[in-house]
Amino acid sequence: MTSIASENATPEQCFGFLRAHPEYGSKQKADNYAQLAEARARGDLVVNAAPAYIRFELHARCNLRCCWAQRTPTHPALRPRGAANLDLAKRILDEVGSTLYEVILCHWGEPTLNRDLPEFVRLFHDANIHTTFDTNMTLMTAELAGALVDAGLDRISASIDGVSQDAYGQYRIGGKVDAALAGLRDLVEQRQQRMRTNPHIRWQFLVFPHNEHEVGLARQLAHQIGIDTFDAFGGGARQWTPESGFLPPTPPQRPTGLLCSDPWTYLAVDWDGAVHLCCRAFQAQHVMGHMSDATMTALFDNARFQLARRVIRDGVWAEADGPIPCTGCNRIKRFVPAIADLNHVLTLT
């Protein structure tokens, strides 16, 4: 996942929905974002501001067994699994709701497993915060789709990598493509019945050698169903374009400025209040703090967040500091030899 915020970007550039929905902005949000941007530009270890957006894990389990579904295996390195409750959402709103542009209601789990999903959407929507989540769509029903439309959901991204069971099931292990496609149709139908334009519906198709031949069929089907956006791109770190197919690996180009802006921009809240650095963190050792111990703004500037910012800013690392996600992240390891030498990895074997 690429960072939503580049080093010098404005909120409108980072959050494209603001151009169509300026009502999600406010002076307080803009002032807070300016503080984040200035701290990021200076490389400050302490930002003295609240995150501009968050990931909030509603359910730390998935009903499928995709190879990247880190919540599915039972493994001692993984965080415990469970479902978020509405009280935690209300606390998040109490602490940082006035400065949040967006909440992404998922992390590594499947959000539709949480029975209160529409109410979570409603809480954040009513607080004037853009709401979105990713889903495999296999658990979507007409009832749930209608409730999400009524709650004010702004955007949904459905991960469906094929139109036949043979192609789809090789990556989305345990999933039924017919169920996922039915979920798409239910959502479009419920939106049409209510004469609404939201949520914006995106179909995400990860392209592998085993399903590449179905990209065109999926694109046509998306148009027939009434999907707003169809995106196909290489899965498993492969580069792929519709014009050229799979491309040979190319040496990564070092970005200008900071290697990553995430630690200056947002954080992730787990279902039980544990706080993570970013979307690449899911192991128990990567917990940066817990909402039971401090406020979100205090956690955002705690010693572990400061360490992450120092590693990214200076490329300085001491093994005694303990592991953080940055030491296992390819975005950082590629360009900081001292970190690459640690050979920390994020994926589990």
Side-chain angles (χ1 to χ4, degrees), residues 32 35-36 39 45-62 70-111 113-117 119-124 126-127 129 131 133 262-311 320-328 346:
N32 180 76
Q35 177 67 23
L36 291 174
L45 301 186
V46 176
V47 299
N48 288 317
Y53 73 103
I54 64 169
R55 282 186 171 274
F56 180 22
E57 180 77 287
L58 296 193
H59 206 296
R61 187 174 69 83
C62 185
Q70 303 293 351
R71 291 297 196 179
T72 299
T74 301
H75 193 289
L78 293 177
R79 291 273 299 126
R81 293 179 286 177
N85 60 51
L86 293 168
D87 287 340
L88 182 57
K90 293 173 184 177
R91 179 177 169 187
I92 291 172
L93 286 171
D94 287 342
E95 293 190 5
V96 297
S98 61
T99 56
L100 286 179
Y101 283 103
E102 181 176 59
V103 59
I104 304 167
L105 295 169
C106 61
H107 196 187
W108 286 98
E110 171 52 48
L113 285 168
N114 193 306
R115 293 176 295 179
D116 293 322
L117 175 58
E119 188 58 30
F120 281 102
V121 172
R122 190 182 304 278
L123 279 172
F124 286 99
D126 289 350
I129 298 168
T131 56
F133 64 82
D262 287 351
W264 285 268
T265 309
Y266 89 109
L267 53 75
V269 181
D270 217 339
W271 65 276
D272 60 353
V275 170
H276 296 269
L277 174 65
C278 67
C279 68
R280 299 184 176 217
F282 51 83
Q283 296 186 21
Q285 64 183 357
H286 296 144
V287 172
M288 307 292 277
H290 202 285
M291 290 181 62
S292 62
D293 300 323
T295 65
M296 291 183 69
T297 50
L299 290 169
F300 199 39
D301 274 337
N302 71 11
R304 288 177 66 78
F305 269 92
Q306 291 184 49
L307 171 60
R309 293 169 188 148
R310 179 166 62 86
V311 167
D321 286 326
I324 56 173
C326 307
T327 64
L346 284 179

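Since this is a predicted model, take the numbers as computed values, not measurements. No hydrogens, no waters, no symmetry mates; every other heavy atom, side chains included, goes into these values.
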Please report the interatomic distance [atom1]([X]) to [atom2]([Y]), rounded to the nearest 0.5 Å.
| X | Y | atom1 | atom2 | result |
| --- | --- | --- | --- | --- |
| Arg115 | Leu58 | CZ | CG | 13.5 Å |
| Glu57 | Cys279 | CD | SG | 11.5 Å |
| Leu86 | Asn114 | CG | CG | 7.5 Å |
| Cys106 | Leu117 | SG | CG | 10.0 Å |
| Thr99 | Met296 | OG1 | CE | 8.5 Å |
| Glu110 | Phe133 | CD | CZ | 7.5 Å |

(request) Side-chain contact test, heavy atoms from C-beta onward, threshold under 4.5 Å: evaluate it for Leu105 versus Phe56 and give yes or no. (result) yes

Taking the side chain from [X] and the backbone from [Y], do they hold a donor-acceptor pair closer than 3.5 Å?
| X | Y | value |
| --- | --- | --- |
| Asn85 | Leu88 | yes |
| His107 | Cys278 | yes |
| Arg304 | Leu299 | no |
| Asp270 | Asp272 | no |
| Arg310 | Leu45 | no |

(message) Is the distance between the ring centroids of Tyr101 and Tyr53 under 6.0 Å?
(response) no

Which atom pair, heavy atoms only, marks the closest approach of [X] to [Y]?
| X | Y | result |
| --- | --- | --- |
| Leu36 | Ala49 | CD2-CB, 3.7 Å |
| Phe124 | Ala89 | CE1-CB, 3.9 Å |
| Val287 | Ala274 | CG1-CB, 4.0 Å |
| Leu100 | Pro51 | CD2-O, 3.4 Å |
| Ala298 | Ala294 | CB-CB, 4.1 Å |

(message) Taking side-chain contact (heavy atoms from CB on, under 4.5 Å) as the criterion, tell me which of Val275, Val46, Val47 meets it with Phe305.
(response) Val275

(request) Walk me through it: do Ile54 and Tyr266 pass the test side chain to side chain contact (heavy atoms under 4.5 Å, CB included)? (result) CA-CA 5 Å; Ile54 64 169; Tyr266 89 109; 5.5 Å; no

(request) Report the C-alpha distance between Met288 and Leu267 in whole Å, list the side-chain angles of each, state the deciding distance to 0.1 Å, and finish with yes or no for side chain to side chain contact (heavy atoms under 4.5 Å, CB included). (result) CA-CA 10 Å; Met288 307 292 277; Leu267 53 75; over 6 Å; no

(message) For a side chain to side chain contact (heavy atoms under 4.5 Å, CB included) check, start with the C-alpha distance between Val103 and Phe120, then their side-chain angles and the critical distance, and finish with the verdict.
(response) CA-CA 10 Å; Val103 59; Phe120 281 102; over 6 Å; no

(message) Once salt bridge (charged side-chain N to carboxylate O under 4.0 Å, His left out) is applied, do any residues pair with Arg91, and if so which ones, sequence neighbours excluded?
(response) Glu95

(message) Would Leu93 and Ile129 count as a side chain to side chain contact (heavy atoms under 4.5 Å, CB included) here? Give the steps.
(response) CA-CA 10 Å; Leu93 286 171; Ile129 298 168; 3.6 Å; yes

(request) Given salt bridge (charged side-chain N to carboxylate O under 4.0 Å, His left out), test Arg309 with Asp301 step by step and report yes or no. (result) CA-CA 10 Å; Arg309 293 169 188 148; Asp301 274 337; 2.9 Å; yes

